Amino acid sequence: METFFIIMLVLMIIGAIIAVETKNMLSAVIAAGVVGFGVSVLFLFLKAPDIAITQVIVEVLSLIILIRVTTKADNEAIERKIDSFANIAGLVFVGIFVGFCIWAFVDMTPFGTPLMRVSQHYLSAGLEETGAANTVAAVILDYRAYDTLGEAVVIFTSILGAFVILRSRGKKKIYEEDYVKVGIPE
Amino acid sequence: MVVYILDMVILVIGIYCLIAKRHLIKKIIGMVLMEYSVNLFLILIGYRHNGIAPILMPDENRVHFAQYGVDPLPQALVLTSIVIGLGTLALMAAYAMRLYEKYRTFDMSEIRRLKG
Amino acid sequence: MKQKDIEQIIHDDHTGMSLIVKTVARMMIAVIILFAFYIILYGHLTPGGGFAGGVILAIAYTLMMLAFSRKMALHKFSDFWASFWDNIGMLAFIILGFLGLNSGYFLYNFIWHGKPFHLVSAGIIPLANIAIGVKVGACLYAIFIGLSIYGRLIIKEEE
Amino acid sequence: MASVMLPLSVGIPLLSAVLILLIGKAWRNAGALFAPITTLITLVFAIDLLGADAGTYWMGGWPPPFGIVLVLDSVSKVLLLVVNMVAFLASVYAVSYMQKYTAQNKFYALFILMLAGMNGVVLTGDLFNLYVFLEIASIASYALVGFGVEHEELEAGFKYLVLGTIASTMLLVGIAIVYNLTGSVNMADVARFVSGMPPNKALLFALAMFLFGFGLKAGLVPFHAWLPDAHPSAPAPVSAMLSGVLIKAIGVYPLIRITYSVFGAPNIILNLILWLGVISAVVGVFLALGQYDIKRLMAYHSVSQMGYVAIGIGLGTPLGIAAALFHMFNHALFKSLLFLSAGSLESATGTRDLRQMGGLKKKMPITSLATATGSLSIAGVPPFNGFFSKLLIIIAAIMAKQYVAAGVAAFVSLLTLASFTKVMKYSLLGKLNEKYERLKESPVLMAIVLTILSVLCLGVGLFYNYFMDSIFNPAANDLLNQAKYISMVIGG
């Protein structure tokens, strides 16, 4: 099973590199979408059907939003100019981070054997204590319902924020005229 | 462990894209890749060898379920994290459209009025 | 921004896509909405839940907007009502939390848990799922309206 | 079992934000009425909780390792008081200041949501819950920075959004690794498990992630690039909130909590924090010296003053931590005072450039007095509050034998004085520019808020002994006593 995960991950890395390096924005968005669908397939094989469903749907919606933003013209010209400093700094960062990961992750709990000190209780007593057959639903809406309240507030806030940003005018017109009156002498 | 490191590679590609690329849409794509990799990381952490999904069916053996069910807590955390990612994406998309309308370009290196 | 300009944009865009797309979309939208309700209502028994179902709802309306036209989609479900239902869903969830206070704890699962594996079980979980579903569906539809209409409007005004 | 006020200080702002939007559809001034009332309620709660016993609240009735727990101890009391006090004053100020903006109800809703996020971060005892509420506060602030939707504001907001997202993701990676190693996300449970563990490289990696994430949110130097753009771009009440409390509530406070309460203050991290603090203090003040934009100058000073706080935290001694908390409290007071008075000056004169102002003390006496008070406080002139906290940090550094840090702190204090002498000289003294002949004092509400903050700055300075003994020393002792925190939250 682990071999399958590794192959999937390598494919996703290739997809991610294509998404980052391609010149055409639409291809980049679609390559990122491929990585997203790869993630949701992996979720399914990692026995997380809840997350897989959510990931697929969110993927569709984010693709719609991204393509909506992308269809705007002048895309190719920007990438031609190469900012060598930022590129080199980025690559150095990538190297250091991956090296640090390889150094540190030796001590992690091995793949496939989670400690489950707390969550064993959810599995064995979840149905009696909450009445929900879906243990994930029991965790998100009963044991950790406060997190879910926070999550709902996050999306509420960001949609509100997006509407604030999309306003066409920040200040009222009359006050802009006032500024001119006080600020600039005749 | 190899799985974890490969997953971190996707995270790093996302961060590289956010820092080094100058196109606004590329920055959003970098953010999206970053979110994917962290979500996947959490689910990988919760996986059990020969695990079964943490959803109880009416005729299922409870002892077997408790013994082999994968960790439900990271799945709950990831659900929250996906939503946060979607919210950030919406806000970023709004910012990108607005910046395009103000500066008539997606090039971050030309969007440079602030100095110092 | 001016109300007149918004109306102009909506008025300009009234044809939508081709007949084939429209026919398929007309058949699909009802099914998608039904599926969304299933996902929301059975969230505590099967995979899925309020958030996933809410996003599906939003996608159904987005499909309607893309296939037919902005005019028709906004006629069915305007941005005012989208943002209204967004607030109502959020309010319902918070009030659910405050009602738990009555039984001792914030967000306490105060309703009788019912028989396992039935639709009416698990106390507040299905109610919270419905609240989240309504909230998420409405707000994601609202943001799509925002990104697709107001964006164009701004360009028009600046030029 | 602590009082029900803990969940209410998060729940009431959330309810109020939704109500503002809902009622605001029909009534345009809903926000201007609801926001100050809400912040007043939470302020009353915070003051009331100051005298309450330390305790925990189980969300949903689930005991700690399984459910989410809210924790009130003497450190969160301090932060709760600071956050809600500044939020109340800023929201009262906003009623008058925000008149010239459109979409005011959305502004107030975002403001209140930011407050709810900060209260949630300060009160929570759960790592992942901390992340969620940190995101609420951050996302609200990303949107508020770009509230004016002009060129510069959008640019600053986007930069802030990009860097803030990287920081949040790093935090989530850290939380994931901690969960992998300990099997729990409850802070006290993690702390108990970690204290019995052999040295672990992955844990160090997680700590590095936390340091990066919270360091970026706090604006410490290698990660400070967003701060001088973002803080000045927001409307004045938001600038006061961002610089005054946000960088503390979602940057410094979680850093303190995780370093001390969860991981038991490992030396390597303390040293890193100390040196980050020293670098921040120096770089921030040097970058501030050359600025003529009044709000940008103050934003650079925020970096520098956060450096002082980091020095105090990095020392790891009771006096150092108490002084750092005291300086955090003082910084919240004088930095919000400075940003609010800068907002008054800006809305009166229409410019933020110091060189175009001048001689304003005759036309705007109250604002000028407030600016002077804030400048003297931040520069560390004796009767004001900034002097005592800086002095205590320097003393603590000398007692901990960190002579370099002490020297740097004293030197930076001098440069800060120089920088704010410049502010006063250009804006308040000198010859009045002819075009400002018709200038009037700022509206009553704004003037009242400025007066209250000035009095607080002076009062805290005069009675600093009382504040140190009753609030900050117990908080520092609580932080250093990890066992007490663990037993309070999960017992045993």
Side-chain angles (χ1 to χ4, degrees), chain B residues 1 4 7-8 11-12 14-19 21 24 27-28 30-47 71 73-74 76-78 80-81 83-85 87-103 108 110-116, chain D residues 66 127-129 131-132 134-136 138-140 142-143 145-146 149-166 168-181 183-185 202 205 225-226 228-230 232-233 287-288 290-293 296-297 299-300:
Chain B
M1 187 194 124
Y4 294 149
D7 188 57
M8 282 294 116
L11 177 85
V12 167
I15 296 176
Y16 168 78
C17 187
L18 263 176
I19 296 172
K21 294 290 168 183
L24 287 183
K27 282 185 192 286
I28 298 180
M31 196 277 294
V32 169
L33 289 176
M34 232 162 60
E35 295 286 341
Y36 290 157
S37 81
V38 179
N39 293 343
L40 188 55
F41 189 57
L42 271 162
I43 295 288
L44 284 170
I45 281 171
Y47 182 69
D71 196 339
L73 184 58
L77 305 188
V78 166
T80 308
S81 149
V83 179
I84 294 176
T88 320
L89 172 71
L91 190 55
M92 253 188 172
Y95 257 115
M97 288 181 65
R98 223 47 189 88
L99 277 171
Y100 182 78
E101 274 129 26
K102 285 282 178 190
Y103 289 85
M108 201 60 197
E110 285 174 20
I111 300 174
R112 197 176 271 168
R113 288 215 181 172
L114 295 166
K115 64 208 178 293
Chain D
F66 306 116
L127 280 174
F128 190 76
N129 193 245
Y131 168 76
V132 172
L134 184 139
E135 278 293 286
I136 295 176
S138 310
I139 288 181
Y142 302 149
V145 165
V149 293
E150 291 303 321
H151 289 77
E152 292 85 357
E153 284 145 2
L154 290 170
E155 183 190 342
F158 192 78
K159 272 184 194 165
Y160 179 29
L161 177 53
V162 167
L163 289 174
T165 312
I166 296 180
S168 304
T169 313
M170 290 303 195
L171 291 179
L172 195 53
V173 172
I175 291 167
I177 293 173
V178 168
Y179 181 73
N180 174 280
L181 293 173
S184 174
V185 282
F205 185 83
W226 58 273
D229 291 341
S233 298
L287 288 172
Q291 294 297 328
Y292 281 95
D293 180 336
R296 205 175 170 81
L297 185 146
Y300 275 117

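Proteins come first, then strands; the chains are lettered A, B, ... in the order of their sequence lines, and each starts at number 1. Predicted model, so just to flag it, every value in this text is computed and none were measured.
Here B/Y36 pairs with nothing under the ring-ring contact (aromatic ring centres under 6.0 Å, His included) rule; sequence neighbours left out.
In this structure, the side chains of D/D229 and D/E155 stay at 4.5 Å or more apart for every pair of heavy atoms. Between B/M31 and D/V162 the shortest side-chain heavy-atom distance does not fall below 4.5 Å.
Highest contact tally toward chain B, considering only D/I136, D/L172, D/V132, is held by D/L172 [criterion: heavy-atom pairs under 4.5 Å]. No other option in B/L24, B/L42, B/I19, B/L77 has as many heavy-atom pairs under 4.5 Å with chain D as B/L77.
When heavy atoms are compared at a cutoff of 4.5 Å, D/F128 approaches chain B solely by way of its side chain, counted from C-beta outward. Contacts of D/Y142 with chain B are made by both backbone and side-chain atoms, with heavy-atom separations under 4.5 Å. The part of B/L11 that comes within reach of chain D is its side chain, from C-beta onward, which places non-hydrogen atoms under 4.5 angstrom from that chain.
The shortest non-hydrogen separation linking D/Y131 to B/I84 is CE2-CD1, 3.8 Å.
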Worksheet item: When you look at B/T88 and D/L161, which way does the side chain to side chain contact (heavy atoms under 4.5 Å, CB included) test go after all the steps?
Response: CA-CA 9 Å; B/T88 320; D/L161 177 53; 4.1 Å; yes

